[in-house]
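A quick write-up on the structure given underneath.
Numbered from 1 within each chain, the chains take letters A, B, ... in sequence-line order.
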Amino acid sequence: VKPESSSLPPRPFDFPAFRKQFEKAYDQFYRFNKIDDDLLAELTQHNLTEEQFDKLTLHKQYQRYISLIDGKVWFSEVPNKPHGEIAHLLLIELSSQLQERSPHGVLKGCGDNGIIPFLNVLTL
Amino acid sequence: LLLNNPPNEKRPDAAFRLRENQIPNPPPPWIRYLANGAPYPNVVVEVAVNNESPQKLMDDADRYFSPITSTRVWIGVKVWLKDKKFWVGWAERAANGVGATIHTTMQWPPNHHPWDTDVNTIYQIPMALIYGPGIPIPPMANSGAFLHIDTDMIRQEIVECLM
């Protein structure tokens, strides 16, 4: 008796095939700072281990813009100039006015330096 | 900014949080904490250069003021490279406790501000709002009782970078 499709066991994760799709996405990301929606959706269907993620991303120029969060691959947008300059200007301006470095400093800078890589926020 | 946004996560371009040793014991009830035990930032900065609509920037501002955060002030900058225009604004938590109340003198497209023209606006954000109830405000010799955000200082930075 032919089993119904719903009773079939899930296919094992085909990492080499995933890697091909990832490389295609990375090429788009590197050259255009954009990735086809369908390709992105396909990539985020699968869960990766840290080891698999490292195999995909180590030694890539835009490695720092790719993250593994809850097993999924996420691509951060590579900022355009003058994004970094404005962010830095505001950082030093706020730091100065908030007297961050003074012995009385109450607030402390905690930008994108690994202290809070992501804020968990609820979608309203 | 993420090309494929993980649900419920957001990364600011700069942020300031309370030092743990400056938080009174017991802590004021409005403070919320991240999973790593650090308090949520009081101040977050978001810079957007193209690739993001004004609505997206506003939606993201709202998300920083969700019920599980204790963000008090958001500062946003938007730059349109093609149009050579920009926008600066700031936000505080809405009166009902959720979402952003935006403060700005600058307009959105099609009436957004050209970066080759002075804005002549300095936003003044109350320090008491930034630090929050129950948190001691350090002596502010340089800025008095307000945090100043000079829109023309930002404008000049854009011009210097891109001209």
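- Taken together through direct or relayed side-chain contacts under 4.5 Å among Ile, Leu, Val, Met, Phe, Trp and Tyr, B/Trp87 and B/Ile122 form parts of separate hydrophobic clusters.
- Scanning all heavy atoms of the two residues, the minimum distance from A/Lys81 to B/Leu81 falls at O-CD2, 3.8 Å.
- With a 4.5 angstrom heavy-atom cutoff, A/Ser95 touches chain B via backbone and side-chain atoms both.
- Remark: side-chain polar atoms of B/Arg19 are paired, donor with acceptor, to backbone N or O of A/Gly105 under 3.5 angstrom.
- A/Leu107 CG to B/Gln22 CD: the interatomic distance, rounded to the nearest 0.5 Å, is 9.5 Å.
- In the displayed structure, A/Lys60 atom NZ is contacted under 6.0 Å by more than 12 heavy atoms of other residues, nucleotides or ligands.
- Rounding to the nearest 0.5 Å places CD of B/Glu46 at 12.0 Å from CG of A/Leu90.
- Only the side chain of B/Ile135 comes within contact range of chain A, with at least one heavy atom under 4.5 Å from a heavy atom of that chain.
- Looking only at side-chain heavy atoms (C-beta outward), A/Lys108 and B/Phe16 stay at 4.5 Å or farther from each other.
- Annotation: the span from A/Glu93 atom CD to B/Ile149 atom CD1 amounts to 7.0 Å, rounded to 0.5 Å.
- Within residues 152-163 of chain B, the residues having any heavy atom less than 4.5 Å from a heavy atom of chain A are, in residue-number order, B/Met153, B/Ile154, B/Glu157, B/Ile158, B/Cys161, B/Leu162.
- A continuous path of ILVMFWY side-chain contacts below 4.5 Å connects A/Leu48 to A/Tyr62, so both sit in one hydrophobic cluster.
- Hydrophobic clustering, with ILVMFWY side chains joined whenever heavy atoms are under 4.5 angstrom apart, groups B/Met127 together with B/Trp30.
- Each of A/His88, A/Lys72, A/Glu85 has some count of heavy-atom pairs under 4.5 Å with chain B, and the biggest count is that of A/Glu85.
- A donor-acceptor distance shorter than 3.5 angstrom exists from the side chain of A/His83 to the backbone of B/Val47, with no hydrogens or angles considered.
- Residues B/Leu18 and A/Val106 form a side-chain contact, since some pair of their non-hydrogen atoms from C-beta on lies under 4.5 Å apart.
- Checking each of A/Leu89, A/Ile86, A/Leu94 against B/Val45 for a side-chain contact (heavy atoms from CB on, under 4.5 Å) leaves exactly one that passes, namely A/Leu94.
- Near-neighbour residues of residues 105-115 of chain B relative to chain A, defined by a heavy atom under 4.5 Å from a heavy atom of that chain, are none.
- Not a single ring pair (Phe, Tyr, Trp, His ring centres under 6.0 Å) links B/Tyr33 to another residue, sequence neighbours left out.
- No side-chain heavy atom of A/Pro82 sits less than 4.5 Å from a side-chain heavy atom of B/Val77.
- With sequence neighbours excluded, the residues forming a ring pair (Phe, Tyr, Trp, His ring centres under 6.0 Å) with A/Phe13 are A/Phe18, A/His46, listed by chain and number.
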